[in-house]
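Predicted, not measured: the structure shown is a model, and the values here were computed from it.
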Amino acid sequence: MEEIIFPNKIRVIRKAKGKDMQELADYLGISLSAISKIEKGYRRINQAQMMKILEFLDCNISDIFLSEEEKDNPVFGTWKSESEKRIQTNEENGLKVFGAGIRYLRSEMGKTLSEIAKETGLTLSVYHRIEMGQREVYKDEFKKICEILKVPENEIITKIKNLSLDGTLDKYIKANETSFKVFNSLDMVNRVGASDGRYKIPLYGKPSNNGNIIINKGEADLINCPSHNDGYHWETMYALRLCTRRLGSILPSKTILFIDSTEIVSVGDIAVMKKTDSDGNIEATLMSIKEEVDGTLYGMLTNPNEKVKLDHSDITKLEKVVFISLE
């Protein structure tokens with residue numbers, strides 16, 4: 001199951017409920033040290049653990065997210081530092097080059113992402129993150145990937161290194177960095193720096209008749225990009241007003257969703273799927289991302305419930321909600 005890391009108010013809510021860390025650790029069946037790291041925002045948790053935490057704290061998922069007004073919370077600093085460290089580690093460990101290398105080798109074999117994911121026993125989203133250089137590869141996964149790509153384990157790193165040195169992988173690395181740009185075909189409003197050094201990004205949102213959100217081309221308010229999101233690509237971020245109830249009670253009304261399309265969407269995320277109508281306006285559908293038993297992903301809408309089938313081309317076009325705040 002996909003795992004996530006996020007800054008949170010778990011410690012604050014736990015203390016307000018009169019619960020101690022050991023109680024929460026026992027409830028989740030993990031160590032005290034692990035709970036401490038979760039509450040500091042730099043240990044991964046999966047969806048099942050998230051639900052157990054909500055049960056233990058007797059609160060809603062929206063309660064544990066930090067709002068923009070709470071940006072001075074020290075958890076933000078810890079979370080941001082750990083996120084930056086992880087990105088740097090991935091770079092230093094050559095994960096981006098390795099990901100581009102196996103993407104090249106897969107393409108040369110004429111195999112799709114879905115085929116490799118299925119053959120390795122990984123979910124599509126996890127294998128996709130490996131090719132994007134945003135996830136570590138474990139020993140058993142590495143062995144299986146080498147078998148499928150028909151390259152011996154003791155040769156694949158040298159092979160990928162040579163492909164990188166002769167420039168073969170350049171276009172794959174560049175594609176990974178640019179394939180998730182937001183609205184690059186639209187005439188976007190200018191993103192300007194505010195007086196406090198924070199960036200302004202477009203804020204869209206008008207309700208459509210079918211429960212989606214209309215994004216009118218060229219029409220947008222401006223809103224500050226959350227300060228703790230410096231690690232994201234502010235130039236490709238935008239925000240949406242939650243002016244629809246298609247997500248039911250998952251999020252409160254008067255919510256602002258911040259979307260960064262450079263982030264890979266995976267299980268447990270809230271994501272945006274866009275399509276253009278006959279008038280040239282963009283219609284955005286909000287959905288929570290779920291996983292079938294066979295590892296395939298689908299989008300879930302509520303109020304009323306509707307399951308949206310997602311193929312690989314759909315998944316690569318989804319844009320991830322990375323921060324939530326209240327108006």
Q: Indicate yes or no: at least one non-hydrogen side-chain atom of Ile145 is less than 4.5 angstrom from one of Tyr127.
A: yes

Q.
Between Ile215 and Lys274, is there a side-chain heavy-atom distance shorter than 4.5 Å?
A. yes

Q.
The criterion is side-chain hydrogen bond (donor to acceptor under 3.5 Å, both in side chains); which residues satisfy it with Lys17, sequence neighbours excluded?
A. none

Q.
Check this for me: does any side-chain nitrogen of one of Asp221 and Arg241 sit under 4.0 Å from a carboxylate oxygen of the other?
A. yes

Q: Taking only Lys NZ, Arg NE, NH1 and NH2, and the carboxylate oxygens of Asp or Glu, determine whether Glu292 and Lys307 approach each other closer than 4.0 Å.
A: yes

Q: Answer yes if the side chains of Glu55 and Tyr27 hold a donor-acceptor pair under 3.5 Å, and no otherwise.
A: yes

Q.
Between Val272 and Tyr238, is the side-chain contact (heavy atoms from CB on, under 4.5 Å) condition met? List the steps.
A. CA-CA 11 Å; Val272 174; Tyr238 64 100; 3.9 Å; yes

Q) Within a strict 4.5 Å, meaning less than it, do heavy atoms of the Val321 and Phe258 side chains meet? A) no

Q: Kindly say whether His128 contributes a backbone atom to a donor-acceptor pair with the side chain of Glu131 at under 3.5 angstrom?
A: no

Q | Pairs meeting criterion salt bridge (charged side-chain N to carboxylate O under 4.0 Å, His left out) with involvement of residues 201-214, two or more places apart | A | Lys206-Glu219

Q. Is there a side-chain contact between Leu24 and Ile10 (heavy atoms, below 4.5 Å)?
A. yes

Q: Given side-chain contact (heavy atoms from CB on, under 4.5 Å), test Ile116 with Ile102 step by step and report yes or no.
A: CA-CA 10 Å; Ile116 296 290; Ile102 62 174; over 6 Å; no

Q.
Could you check whether atom CE of Met109 has more than 12 heavy atoms from other residues, nucleotides or ligands sitting under 6.0 Å from it?
A. yes

Q. Quick one: are Leu301 and Leu286 in side-chain contact, heavy atoms under 4.5 Å?
A. no

**Q.** Any residue meeting side chain to side chain contact (heavy atoms under 4.5 Å, CB included) with Ala271, in chain and number order, not counting sequence neighbours
**A.** Val265, Ile289, Leu318

Q: Give, for atom CE of Met50 and atom CD1 of Ile53, the distance between the pair rounded to the nearest 0.5 Å.
A: 7.0 Å

Q) Under a 4.0 Å N-O cut-off, is there an ion pair linking Glu119 with Lys144? A) no

Q) Could you give the distance from SG (Cys243) to CG (Asn212), rounded to the nearest 0.5 Å? A) 9.5 Å

**Q.** Salt bridge Glu115-Arg106, side-chain N to carboxylate O under 4.0 Å
**A.** no

Q) When rounded to the nearest 0.5 angstrom, what is the spacing between CG in Leu240 and CD1 in Ile259? A) 4.0 Å

Q) What's the shortest heavy-atom distance between Ile214 and Ser208, and which atoms? A) CG1-CB, 3.7 Å

Q.
Please evaluate residues Phe98 and Val137 with respect to the criterion side-chain contact (heavy atoms from CB on, under 4.5 Å), reporting the C-alpha separation (whole Å), side-chain torsions for both, the decisive distance (0.1 Å), and the verdict.
A. CA-CA 10 Å; Phe98 178 77; Val137 185; 3.8 Å; yes

Q: Compare all side-chain heavy atoms of Val322 with those of Met237 and state whether any distance is below 4.5 angstrom.
A: yes

Q) In Å and rounded to the nearest 0.5 Å, what is the CD1 to CE distance from Ile38 to Met21? A) 9.0 Å

Q: Can you measure from CD1 (Ile256) to CG (Leu242) and round to the nearest 0.5 angstrom?
A: 8.5 Å

Q.
According to side chain to side chain contact (heavy atoms under 4.5 Å, CB included), who are the partners of Lys118, at least two apart in sequence or on a separate chain?
A. none

Q | Heavy-atom donor-acceptor pair, Glu141 side chain to Tyr138 backbone, under 3.5 Å | A | yes

For a quick test of your reading: what N or O donor-acceptor pairs under 3.5 Å do the side chains of residues 146-164 make, sequence neighbours left out?
unit_1: Asn162; atom_1: ND2; unit_2: Thr158; atom_2: O; d: 3.3

Q: Just do the salt bridge (charged side-chain N to carboxylate O under 4.0 Å, His left out) check on Arg14 and Glu23 with the steps written out, would you?
A: CA-CA 10 Å; Arg14 174 178 58 74; Glu23 289 179 279; over 6 Å; no

Q: Answer yes or no: is there a side-chain heavy-atom contact under 4.5 Å between Cys59 and Leu54?
A: yes

**Q.** Stepwise side-chain contact (heavy atoms from CB on, under 4.5 Å) test for Leu310 and Val308
**A.** CA-CA 6 Å; Leu310 300 173; Val308 180; 4.2 Å; yes

Q | Rounded distance [0.5 Å steps], CG in Asp26 versus CZ in Phe56 | A | 8.5 Å

Q: Output the rest of the hydrophobic cluster of Tyr298: all Ile, Leu, Val, Met, Phe, Trp and Tyr residues reachable through side-chain heavy-atom contacts under 4.5 Å, sorted by chain and number.
A: Met300

Q. What are the two closest non-hydrogen atoms of Ala239 and Ile223, and how far apart are they?
A. CB-CG2, 4.0 Å

